[in-house]
Amino acid sequence: MSTQRRPFPFHEFEPKWQEHWVSRRAFRAANPGDVDFDHSKPKYYILDMFPYPSGDGLHVGHVEGYTATDILARFHRMRGFNVLHPMGWDAFGLPAEQYAIKTGRHPRETTTRNIANFRRQLQAVGFSYDWDREVSTTDPGYFKWTQWIFLQLYNSWFNPVTRKAEPIATYTGPDPDSVRLAYVAKMPVNWCPQLGTVLANEEIVDGKSEVGGFPVERRPLRQWMLRITAFADRLIEGLDGLDWPEGIKLLQRNWIGRSEGASVMFCEESGGAKIEVFTTRPDTLFGATYMILSPEHPLVGSITTEVQRADIEAYCTTVASKSDLDRTELNKEKSGVFTGGYAINPVNGERLPIWIADYVLMGYGTGAIMAVPAHDERDFEFAQKFGLPVREVVRPNEAVEGCFVGDGVAINSGFLDGLSTPDAKRTITTWLEEKGLGRGTVNFKLRDWLFSRQRYWGEPFPIIWEDGRHHALAEDELPVVQPDMDDFKPTGTPEPPLSKVSEWVRYSEKAERETNTMPQWAGSCWYYLRFCDPVNGNRFVGEEADRYWMGQTGQPGGVDLYIGGTEHAVLHLLYARFWHKVLYDLGRLTTPEPFQRLVNQGMILGPDGQKMSKSRGNVITPDAVIADYGADSLRLYEMFMGPLEQMKPWSMKGVEGVHRFLARVWRLAMEENQEGKWVVSPVLADVPMTSAQARVAHATIKKVTDDIRALAFNTAISQMMVFTNEFVNASPRPLDSLKILLPLLSPFAPHLSEELWQRLGFDGAASTQTWLTHDESLLIDNEVELAVQVNGKVRDRLVVARDASKEAIENAARLSAKVLEAIGSGTIVKVIVVPGKLVNVVVK
RNA sequence: GCCGGCGUGGCGAAAUGGCAGACGCAAGGGACUUAAAAUCCCUUUUCGCGAAAGCGGAGUGCGGGUUCGAGUCCCGCCGCCGGCACCA
């Protein structure tokens, strides 16, 4: 019995407190309007990226971010904030559907089971979520509002004059369907014949399906799209007001990929067709020596001469059959074919041969370029390969080798000669606009968001089709719930699984339901809003709840702190910002941005320093760590490993280390008696702390407080270790030491802190104490030790009074025997005194 | 190729431009014990001298620079990790 006993009985008190917190709803946050709502408290909304409840259960990586937010949530509660700290489930997704196909069991069944397991695991770590606010994206009461938001997008357009989303009724043009923020277009999608399903880009690795490694081909299908490109500029501008890592902001800016330039009209020589190109270098127009169209460009057919037609068609066929992988491999070598046609350069009337090449993408700009091989590396490579002329029109300011792509001075460019690149750009753009041959334009890499999936386990669209036209369902018809099915197998064609349920598809005599579903991103785009008011049946979020939790800080973003992994740096965080801005423009929300401050936790690697994976066999599960060492040890270890944002490897020895620390804290308060029972330690006494003890105690209050604010949890913990080392041998041991330590420790190790607080008979609970403030005067020692340096090398130490004058310190340093020895025959040039730190004697 | 991030003991790491290595792990030694576990104490960047207390030198990826003083700031390299990838 005694040999197996744990150093402290965490296995008894941890489940007890977890049960206590859940059953008492200990961390429930009151909403404005609730009877117990306290108007005097400031709000603090701290959010985790909610998990996909996979069958594998919680990962230690989840626990890392969730512990960080839990510490901050508990800290803010103790500092008198009304804290919103919710959790939910991003539960639509492919794995549940794949499992359903294999076993015939409904995805809802596996999803429900996985959610129950995740909830159990999260509660076993002792997180202080407000479980009354739990939401799941798969719950009809939730996705009713996901569908409702889709209808807001469907019923809006982006007004370029106001630069805002507006109700479609304010659009006065002929075809409202052409400007809706949600629209239908025929788009190539990734079709995987072996899996019998369409895949998202993220599910394709190196041109093959992530699951199974099967080939994927492009097929054009009717798809729902969201017009995120209309918000490109707003999405870039909005980043300025956010406290996000600069790297993430940059990633988003690059993803949106704004570039300024000009569109220029070229005229095809024989047929007179207009070919519009986009260029960021209109100043090099005189250097264009040929043109290239994308193989998919609509003018290819009419421009191609009969002599060239066979070659062109062969090339287009080859390109069309290439998967993305093959096309990427082709990048190493430029390819293309001459169409036989010519275009006229509008600035000098020169004839330019028109080629097609797959390095020109139909999806960017106009799908056609003017090639300036002297000043663009890709054009240069192409010109080299096919023997096309190269004409230099920009002189570099200093000599460069090879193709010059930088700024310089225009040459061989007629009226632009002598102008610097920026001036030449302005001049030529004005000239083009005056002649009606072009204009300044901006292009983005960002594409509209392909929003439909051919899946069962997703939100159905609230859309019906009649006579080939789409119509929105009325709000009171929401939610549109998927029908139950027995057979989840793919249809074998790109028809969505829902199309098999004919009685569901049939909406009326004439109308049929849309059978596509929304992507997994949909539910996660707005869940942070639903947390503010999770059971509201009348609105996606109540106005007052939105104003209170998302507003009132005077900053653009509503969520005060959002912690999660880098994998969502672009897509989720961009999509959510887009939806938020639309809802904001439509007057449904109070702030223009969802997340004010963002922090990315670093990845936790396996003990071997490799990414954790089942195949490597290096996965650590939270359940196993909790069983052996307890939840507090798991929490504390993950925070002690290193800086939150850094990647770091797991070490079970490290877990043991923090476990020993917690055992030492336990023994500060408790002692084993003759019968092997834990009793309050007899060395504890109501005596004042010595000045040395008080200094450590107050230094700990200060450092833990500062470090939590800075998210430097590892150093906060090491300071509490210093504190414990100071008191562990004290006898008598002042009771005040525990009155100070336990509340400081409680955000990190809430179970142990609460248990000891109760056993010591202190009032209330450790987790509801008011956060302590340190007494600066207790930190000050009357004497300080200074290092005495000669030319930067430490030669002696000096103990002086705290308030000694600079002169007194300098004189004492000059008298030091060791300093005099180090000076030798040199002369003192000057003496630098840094009070409280050191003295540096500079000698020549 | 382009854009980010990071390089400090045997390991995880710490250090407002001011005594490099706090705290933890591992290792070694000791106390307690019949023994082990647990616990407690001591040592532990490295090299040289010394029986020892100690004394001296070197040291934060490499090379320069700024400064009384650089892990920290600046310039140029090298290496590792992550993201994007023909975006005209």
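Every chain is numbered from 1 and lettered A, B, ... according to where its sequence line falls, protein lines coming before strand lines. Quantities reported herein were computed from a predicted structural model and do not represent experimental measurements.
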Pick base, sugar-phosphate or nothing for A:Met720, based on heavy-atom distances below 4.0 Å to the nucleic acid.
nothing
P atom, B:U39 versus B:U45: distance in rounded Å?
24 Å
A:Glu64: what forms a salt bridge (charged side-chain N to carboxylate O under 4.0 Å, His left out) with it, not counting sequence neighbours?
A:Lys648
Would you say a side-chain N or O of A:Gln646 is under 4.0 Å from OP1 or OP2 of B:A13?
yes
How would you label the glycosidic angle of B:G48: syn (within 90° of 0) or anti?
anti
Could you give the side-chain donor-acceptor pairs of residues 695-702 of chain A under 3.5 Å, partners two or more places apart or in another chain?
from     : atom 1 : to       : atom 2 : distance (Å)
A:His698 : ND1    : A:Asp775 : N      : 2.9
A:Thr700 : OG1    : A:Val696 : O      : 2.7
A:Thr700 : OG1    : A:Gln719 : NE2    : 3.1

Under the salt bridge (charged side-chain N to carboxylate O under 4.0 Å, His left out) rule, collect the residues that match up with A:Lys806, sequence neighbours excluded.
none
Is the shortest side-chain N to carboxylate O distance from A:Arg814 to A:Glu810 below 4.0 Å?
yes
Side-chain donor-acceptor contacts of residues 706-715 of chain A below 3.5 Å, not counting sequence neighbours, with atom names and distances?
from     : atom 1 : to       : atom 2 : distance (Å)
A:Asp707 : OD2    : A:Lys703 : NZ     : 3.1
A:Asp707 : OD2    : A:Thr715 : OG1    : 2.8
A:Asp707 : OD2    : A:Ala716 : N      : 3.2
A:Thr715 : OG1    : A:Ala712 : O      : 3.1

Nearest listed nucleotide, side chain of A:Ser259, among B:C86, B:C40, B:A88
B:A88
State whether A:Lys793 places a side-chain N or O below 4.0 Å from either non-bridging phosphate oxygen (OP1 or OP2) of B:A58.
yes
Distance check, C1' atoms only: B:A13 and B:G9, in whole angstrom units.
11 Å
Once salt bridge (Lys or Arg N to Asp or Glu O under 4.0 Å) is applied, what residue pairs with a partner in residues 710-732 of chain A remain, sequence neighbours excluded?
none
By side-chain contact (heavy atoms from CB on, under 4.5 Å), which residues pair with A:Lys818, not counting sequence neighbours?
A:Asp796, A:Ser816
Can you sort out which residues in residues 363-371 of chain A have a heavy atom within less than 4.0 Å of RNA chain B? Ascending by number, please.
A:Tyr364, A:Ile369
Heavy-atom nearest nucleotide on RNA chain B for A:Lys703 versus A:Thr566: which residue maps closer to 5'?
A:Lys703
A:Glu821 vs A:Arg795, salt bridge (charged side-chain N to carboxylate O under 4.0 Å, His left out): CA-CA, chis, key distance, verdict
CA-CA 9 Å; A:Glu821 192 191 327; A:Arg795 296 297 176 181; over 6 Å; no
Stem finding on RNA chain B, please: runs of three or more consecutive Watson-Crick or G-U wobble pairs, both distances under 3.5 Å, sorted by first number.
B:1-7 with B:78-84, B:10-12 with B:23-25, B:27-31 with B:39-43, B:45-49 with B:54-58, B:61-65 with B:73-77
Where the side chain of A:Lys818 is defined as all heavy atoms beyond and including C-beta, which of B:A13, B:C68, B:C55 is the nearest nucleotide?
B:C55
If you look at every heavy atom in A:Arg577 and A:Leu239, which pair is closest and at what distance?
NH1-CD2, 3.3 Å
Heavy atoms under 4.0 Å is the rule here; annotate nucleotides 18-25 of chain B 5' to 3' with B where the base is hit, S where only the sugar-phosphate is, and - elsewhere.
BB--BBSS
Which residue, A:Arg795 or A:Gly257, contacts RNA chain B at a nucleotide closer to its 5' end, judged by nearest heavy atom?
A:Arg795
d(NZ, A:Lys611; C1', B:C80) in whole Å:
17 Å
I need the NE2-P distance between A:His659 and B:A38, as an integer number of Å.
11 Å
Given atom CD1 of A:Ile292 and atom P of B:C86, what is their separation to the nearest angstrom?
15 Å
Sequence neighbours left out, what passes salt bridge (charged side-chain N to carboxylate O under 4.0 Å, His left out) with A:Asp233? Give chain and number order.
A:Arg258
In plain terms, say whether A:Lys334 and A:Asp379 are close enough for a salt bridge, that is, a side-chain N and a carboxylate O under 4.0 Å apart.
no
Gap in Å between the two C1' atoms, one belonging to B:C41 and one to B:C32, rounded
11 Å
Nearest to side-chain heavy atoms of A:Asn729, which nucleotide of B:C68, B:A88, B:C41
B:C41
Report the relative orientation of the aromatic rings in A:Phe386 and A:Phe382; use parallel for angles under 30°, tilted for 30 to 60°, perpendicular for over 60°.
tilted
Pairing residues for A:Glu785 by the salt bridge (charged side-chain N to carboxylate O under 4.0 Å, His left out) criterion, not counting sequence neighbours:
A:Arg797
Between B:C40 atom P and A:Glu672 atom CD, what is the distance in whole Å?
14 Å
Could you measure between the two P atoms, the one in B:U44 and the one in B:G10, and give it in whole Å?
15 Å
Distances for protein N/O vs nucleotides 28-31 of chain B N/O pairs under 3.5 angstrom?
none

What integer distance in Å separates A:Ile604:CD1 from B:G12:C1'?
12 Å
Minimal non-hydrogen separation, A:Leu662 against A:Ala749, with atom names:
CD2-CB, 4.0 Å
Between B:C86 atom P and A:Lys445 atom NZ, what is the distance in whole Å?
9 Å
So among A:Val300, A:Leu299, A:Leu293, which one has a side chain to side chain contact (heavy atoms under 4.5 Å, CB included) with A:Ile354?
A:Leu293
Please give, in whole Å, the distance from B:C86 P to A:Trp355 CH2?
21 Å
How long is the line joining CD of A:Gln252 and C1' of B:C3, in whole Å?
15 Å
